[in-house]
Q: 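Before anything else, here's the structure in question.
Owing to the predicted nature of the structure, the values given are computational and were not obtained by experimental measurement.
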Amino acid sequence: MSTDESLGAAQGHEAGAAESPAGLLVPAVTRATRVLEALVRRPNGASLTELAERCSLAKSTASNLLRTMVAEGLVGYDPQTRLYNLGPLLIEFGVAAITRTTAVTEARPFMERLAERTGLACLAIQPMPDGHFTAISKIESRKDIKVTIEVGARFDSTAPLLSRLAGAWAGTSASSGPALDAGELERIREQGHWAVFGDYRPELNVVGFPVFDRDAHPCLFITLLGIGQDFTIGDIEKMSGFLVEAANAITTRSGGTVPPGYPTVGRPEGLTG
C-alpha cells in the first residue's frame, strides 16, 4: 500500500470513528460532562465528596478529573469554602454557542416585539438530548413585578407547557415525561401555540410556540411569561396570529421545515406598527 493509500485509509478510519455508535465514546469526556451537569444543578457549588457521589465516581477519580478541569478553566474552585463551581471558560463557550444558534438569532426580533408590546418577559427555551429544557435567551420584563427565570434555567421533561409543545409535534415517544392527552395534543397542533395558567406556580401564566428544525421537529420554544392580570386569556387571543406568524417566519429563516398542517395566519392589529 502506498503512502497516499495509507493516509487515505487512516483518514477514512478516523471519519468512521467520529460517526460510530456509543461503544467508542471516551469515558473521560462522559465523566467530565456529568460533573458539569451536576454543577449546573448546584448553583452554590459542590464539594468533592458531593460530586463524586452525584456522578458515581471514585473520590480519587473525581479529584483528578476536577483538578484537570480547574486547570483548563472549565471548573472553578474556592479554597476557602472548598467548593467547586462552573468555570469562567464556560461563559465564553456559552456565548459562542448561543450566537451560532441560527434559530435564536432569527427569533430575537420577534422576542423583542413581544416584550415591547406586552412589557412581559420573553424566553427562548431549547429542548436538550436527555429530555430536559434549558432557557438560552431572554428579553427582560418591563413590569414592576418580574419573572425571575434566567438564562441557564433548567426545566424537566414534565414541565407543563414545554412537555405539551414538544409532544404535540415530536410525539409522546420523544418525551421522557408522562403520557399526554391525545386530544389536547391535537388541539395544540391546530392552534399552533399553547398556554398554561398557574401550572408552574400560582399566578404565573405562560404561552409558547415552537420553532422547527429541518426535520420539522421542535428545536426551540419561544415563551412569554406574565403574572396574574398582567397576562390573561384575552391578551393571548389578541396575539394569537402573531405567535403563529412568528413560528413560521423563524422556522423558515433558520432553515427549518414547518410541518404539514401547521397553521398560517396574518398578524393581528394588536401587534403591528
Q: Same cluster for F242 and I233 if Ile/Leu/Val/Met/Phe/Trp/Tyr side chains link at under 4.5 Å?
A: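 They do share one cluster, since a chain of ILVMFWY contacts under 4.5 Å joins F242 to I233.
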Q: How about H193 and S240: do any of their side-chain heavy atoms sit closer than 4.5 Å?
A: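 They are in side-chain contact.
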Q: Scan the side chains in residues 37-47 for donor-acceptor partners under 3.5 Å anywhere in the protein, sequence neighbours excluded, and list what turns up.
A:
residue, atom, partner, partner atom, Å
R42, NH2, E50, OE2, 2.8
S47, OG, E50, N, 3.2
S47, OG, E50, OE1, 3.3

Q: Taking the side chain as C-beta and beyond, is there a heavy-atom pair between D235 and T232 under 4.5 Å?
A: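 The answer is yes, as the side chains (C-beta and beyond) meet within the 4.5 Å cut-off.
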Q: Start with the C-alpha gap between E190 and R187, add the side-chain angles, then the distance that decides, and say whether salt bridge (Lys or Arg N to Asp or Glu O under 4.0 Å) holds.
A: CA-CA 5 Å; E190 291 175 354; R187 292 194 296 275; over 6 Å; no
Q: Under 3.5 Å, is there a donor on one side chain and an acceptor on the other for D215 and H217?
A: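 Note: D215 and H217 side chains miss the donor-acceptor criterion.
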Q: Using modelled atom types only, decide if a donor and an acceptor are shared between the side chain of S141 and the backbone of G119 within a distance under 3.5 Å.
A: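 Yes; judged by distance alone, with no hydrogens or angles, the pair exists.
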Q: Count I, L, V, M, F, W, Y as connected when their side-chain heavy atoms are under 4.5 Å apart, and connections chain through other members. Are L51 and L83 then in the same cluster?
A: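 Unlinked, L51 and L83 end up in two clusters.
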Q: With A247, which residues qualify under side chain to side chain contact (heavy atoms under 4.5 Å, CB included), at least two apart?
A: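 Listed in chain order: F209, Y262.
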Q: Taking only residues two or more places apart in sequence or in another chain, which ones pass salt bridge (charged side-chain N to carboxylate O under 4.0 Å, His left out) with R214?
A: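 In terms of salt bridge (charged side-chain N to carboxylate O under 4.0 Å, His left out), with neighbours along the sequence ignored, R214 is linked to no residue.
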Q: Of all residues at least two apart in sequence or in a different chain, which pass the side chain to side chain contact (heavy atoms under 4.5 Å, CB included) check with A216?
A: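 A216 satisfies side chain to side chain contact (heavy atoms under 4.5 Å, CB included) with T257, P259 only.
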Q: Give a yes or no on whether L65 and L89 share a hydrophobic cluster (residues Ile, Leu, Val, Met, Phe, Trp, Tyr; joining criterion: side-chain heavy atoms under 4.5 Å apart).
A: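 In one cluster with L65: L89, yes.
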Q: With the side chain counted from C-beta on, respond yes when L120 and I139 share a heavy-atom pair under 4.5 Å apart, and no when they do not.
A: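 Side-chain contact under 4.5 Å: no.
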Q: When clusters are formed from ILVMFWY side-chain contacts under 4.5 Å, directly or step by step, what else is grouped with V26?
A: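 The other cluster members (ILVMFWY side chains, heavy atoms under 4.5 Å, direct or chained) are V29.
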Q: Do L224 and M239 make a side-chain contact, defined as non-hydrogen atoms from C-beta onward lying under 4.5 Å apart?
A: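 Yes, close enough: below the 4.5 Å cut-off.
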Q: For a 4.5 angstrom cut-off between non-hydrogen side-chain atoms, does F133 reach L165?
A: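 The answer is no, as the side chains (C-beta and beyond) never meet within the 4.5 Å cut-off.
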Q: Is there a side-chain contact between Y84 and V70 in this structure, where contact means two heavy atoms from C-beta onward sitting under 4.5 Å apart?
A: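 Side-chain contact under 4.5 Å: yes.
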Q: Show me the pairs that pass side chain to side chain donor-acceptor pair (under 3.5 Å) and involve residues 64-75, at least two apart or across chains.
A: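 Qualifying pairs, neighbours excluded: S63-R67, N64-R67.
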